[in-house]
Structure formats: structure tokens, C-alpha cells
Amino acid sequence: MTTPTKIIFDTDPGIDDAMALLFIQASPAIDLLAVTTVFGNADIDTTTRNALYLKDRFGLTAPVYKGTDKPLTRPRNPSPTFVHGENGLGDVELTGLVAAEPEAKPAYQAIIDLARANPGEVTLVAVGPLTNLALALQADPEVATLLKAVVIMGGAFAVAGKPGNVTPVAEANIWNDPEAADLVFTAPWFVTAVSLDVTTQVVMSPAYMEELEATAGPAGAFLNAISKPYARFYGGRDGIVGCCVHDAAAVAFVIDPSLFDVRRGSIRVVTNGIALGQTCQMVEGELFGPSAWDGQPVQAITVGVKAEGLLRLYRETMRA
Ligand code: BDR
Ligand code: CA
């Protein structure tokens with residue numbers, strides 16, 4: 001068996017974040033070094049409480065570090081309670097909740113320290129606003145050269161799927177901190193954006209969730225419970241029957257990148273105006289006049305996904 005990939009999971013739990021975290025926990029292909037939290041689907045106290053709850057209830061051993069409560073330069077957007085509920089986990093009762101504290105170190109410092117302690121070995125998987133990553137870059141720019149890779153769930157590139165989910169052109173994680181996202185895409189590490197283009201093509205149906213409940217033990221039952229309000233949101237708005245697999249798709253990319261087609265090119269984020277939060281890639285090899293994409297690092301976006309294969313990987317990992 002190949003050595004598990006060391007990851008830091010930066011997250012704003014969040015219903016689909018919980019789906020991703022329990023997938024990580026179940027996967028023998030991943031060695032989870034730390035969970036770092038960020039505002040996004042709820043305020044920072046709620047997302048951190050949820051990460052600690054998931055750790056306690058499902059026996060995660062990785063430490064939880066609390067991240068930032070606001071974007072780099074702008075006020076925080078209101079929490080999307082209409083998607084993730086008041087408690088961030090679909091307002092499902094958090095059975096057995098006990099008070100727990102995160103580690104003392106802030107999330108951005110934990111990212112720096114883990115990268116320095118494991119040079120070239122750690123993949124940073126970020127599935128919320130990218131503010132902790134930007135803070136790590138600002139505090140210690142060398143961190144960009146110390147990670148193995150960065151995989152994010154975020155962005156929408158209008159190549160497939162949906163072009164945006166909070167505005168016609170912007171995806172939520174990027175829109176929640178566009179300045180941080182632009183810093184992350186233009187830093188000299190290798191970023192792959194698992195974007196709405198593919199995540200809206202992978203849907204867990206109610207029948208799929210029932211099967212998960214029947215085959216994946218207490219985690220499966222919990223995931224089925226929290227998926228119901230999430231599915232109601234998608235059904236009411238987009239006519240999708242089930243839950244889009246956003247954050248777990250980024251984890252699937254780490255486990256089996258062959259499930260995805262990617263396209264390379266430098267990426268910039270719109271940081272003002274009506275297209276705030278839009279992500280735009282200059283495809284590698286295409287020629288234009290001088291532009292803000294010139295001289296920026298080549299990153300990757302996902303433009304295709306084997307949806308059935310991804311759903312199978314998730315189901316079989318959770319069952320095991
Ligand atoms: C992303 O935004 C958040 O609401 C989800 O958890 C996911 O990370 C989807 O746009
Ligand atoms: Ca998320």
C-alpha cells in the first residue's frame with residue numbers, strides 16, 4: 001500500500017464540510033495532521049465548535065486549530081443559515097455535545113509550523129474562504145514553497161456545471177474573501193481548484209444517503225440526517241434531487257485525481273464591481289495582450305469529473 005498523503009484540512013463546517021471530514025477520517029489514503037477552521041458557512045465560533053464536535057463524536061485524533069473570524073480586508077458576509085442552518089449542521093441536534101477547546105495556536109500559524117516540520121510532504125486541502133491561507137502567506141511567504149500542493153473547493157470557471165452559486169458568476173468560498181483568494185492563486189505553490197464546474201455534477205440522491213445510513217455505521221446515519229435540509233435547499237432552488245458534493249470532491253481529488261480532467265493556467269479573482277468573486281483563468285499557451293494574468297503561477301482547475309466513480313469512491317470508503 002502506498003504511504004497515506006499528509007493533509008491539513010481547512011474548513012468551515014458546514015454540512016458538506018462534515019461530509020468531507022468524515023470521508024477523510026474513513027480513508028486509508030489520507031493522514032490527517034490537523035483541522036483548521038475558518039468563518040464561512042457560520043461564524044468562527046460555530047464552525048470551530050462543529051469541527052470539535054465531529055472530532056469528539058467520530059473519534060478523530062487530529063488537533064483542531066481555530067482560524068480567523070473575518071475576511072482579510074472587508075466585513076464578513078452574513079452566514080448562509082438558509083443553506084446550513086443556524087448551527088451550521090442543518091439544525092440537526094448535536095447529540096452528546098460537550099464543551100471542548102481548540103488548540104491555543106491560531107490556524108495560520110499551525111499551517112506554517114506543519115509545513116515547516118514536514119517540508120514538501122503536506123497537501124493543504126481548503127474548503128472554505130481562503131483567509132487562513134492568505135494569512136499564512138503574509139506571515140511567512142516561504143510557506144508556499146514548503147507545501148506539496150494546495151487543493152481547494154472553490155471558484156466557478158463557466159466551463160461546465162454552474163457558473164456561480166452566490167451571484168451569477170461567483171462561488172461562495174471565493175466570494176466570502178476575494179482578496180484572500182487572489183493572493184492564494186497568485187502565490188508560488190501549486191493550487192488545484194475543484195470548482196462548481198464539477199461539484200454541481202456530482203449529486204448524492206436521497207436513495208444514496210439512505211444506503212450510506214445502512215452501510216456506513218453512525219457516520220452514515222449522521223450524514224443522512226444532515227443531508228436532508230441541504231437537499232431541501234438544492235431542491236427548492238436548483239431543482240437538484242439530492243446534495244451537490246462540493247467539499248468531499250476536493251478530498252476525492254487528493255485520493256484519486258484520475259477522477260477529474262484538469263486545465264492549467266494562471267488564475268485571478270475579481271475583487272470589485274458587479275463580478276466580485278469571479279474566478280478567471282488564462283489557459284496555458286493562449287496568447288493575449290498584456291494583462292493581470294501575465295507572470296503569475298500556473299495553477300489548475302477541474303473541468304470534468306467521473307461522477308459515478310467519485311460517488312463509488314465515497315460510498316466504498318465510508319462502508320469500509
Ligand atoms: C462551498 O461553499 C460552502 O457553502 C460549502 O461548504 C462549499 O465549501 C460551495 O460553494
Ligand atoms: Ca465548505
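For ligands, and for the atoms within them, numbers begin at 1 and follow the listed sequence.
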**Request:** Carefully, step by step, assess V202 and H246 under the rule side-chain contact (heavy atoms from CB on, under 4.5 Å).
**Result:** CA-CA 8 Å; V202 190; H246 295 304; over 6 Å; no
**Request:** Taking the side chain as every heavy atom from C-beta outward, state whether V191 and I152 have any pair of such atoms under 4.5 Å apart.
**Result:**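 V191 vs I152: side chains touch.
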Could you list, one pair per line, each nitrogen or oxygen of ligand 1 together with any protein nitrogen or oxygen closer than 3.5 Å, giving atom names and the distance rounded to 0.1 Å?
| residue | atom | partner | partner atom | Å |
| --- | --- | --- | --- | --- |
| ligand 1 | 2 (O) | N173 | OD1 | 3.3 |
| ligand 1 | 4 (O) | N41 | OD1 | 2.6 |
| ligand 1 | 4 (O) | H84 | NE2 | 3.3 |
| ligand 1 | 6 (O) | D16 | OD1 | 2.6 |
| ligand 1 | 6 (O) | D16 | OD2 | 3.2 |
| ligand 1 | 6 (O) | D17 | OD1 | 2.9 |
| ligand 1 | 6 (O) | N41 | ND2 | 2.9 |
| ligand 1 | 6 (O) | D247 | OD2 | 3.2 |
| ligand 1 | 8 (O) | V127 | O | 2.9 |
| ligand 1 | 8 (O) | N173 | ND2 | 2.9 |
| ligand 1 | 8 (O) | D247 | OD1 | 2.5 |
| ligand 1 | 8 (O) | D247 | OD2 | 3.2 |
| ligand 1 | 10 (O) | N165 | ND2 | 2.8 |
| ligand 1 | 10 (O) | E171 | OE2 | 2.4 |

Side-chain donor-acceptor pair under 3.5 Å between [X] and [Y], yes or no?
X	Y	value
R268	T271	no
T68	N132	no
D12	T47	no
T11	D17	yes

**Request:** List the steps and the verdict of side-chain hydrogen bond (donor to acceptor under 3.5 Å, both in side chains) for R264 and Q299.
**Result:** CA-CA 6 Å; R264 289 163 51 91; Q299 314 291 15; over 6 Å; no
**Asked** In the protein, how many N/O/S atoms are under 3.0 Å from the Ca ion (ligand 2)?
**Response**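 Number of qualifying protein atoms: 5.
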**Message:** Looking only at the aromatic ring of each residue, does the gap between the centers of Y65 and Y108 stay below 6.0 angstrom?
**Reply:**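 Centroid separation for Y108 and Y65: 6.0 Å or greater.
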**Item:** Parallel, tilted or perpendicular: rings of F222 and Y53 (30°, 60°)
**Value:**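 Rings of Y53 and F222: tilted, as their planes differ by 30° to 60°.
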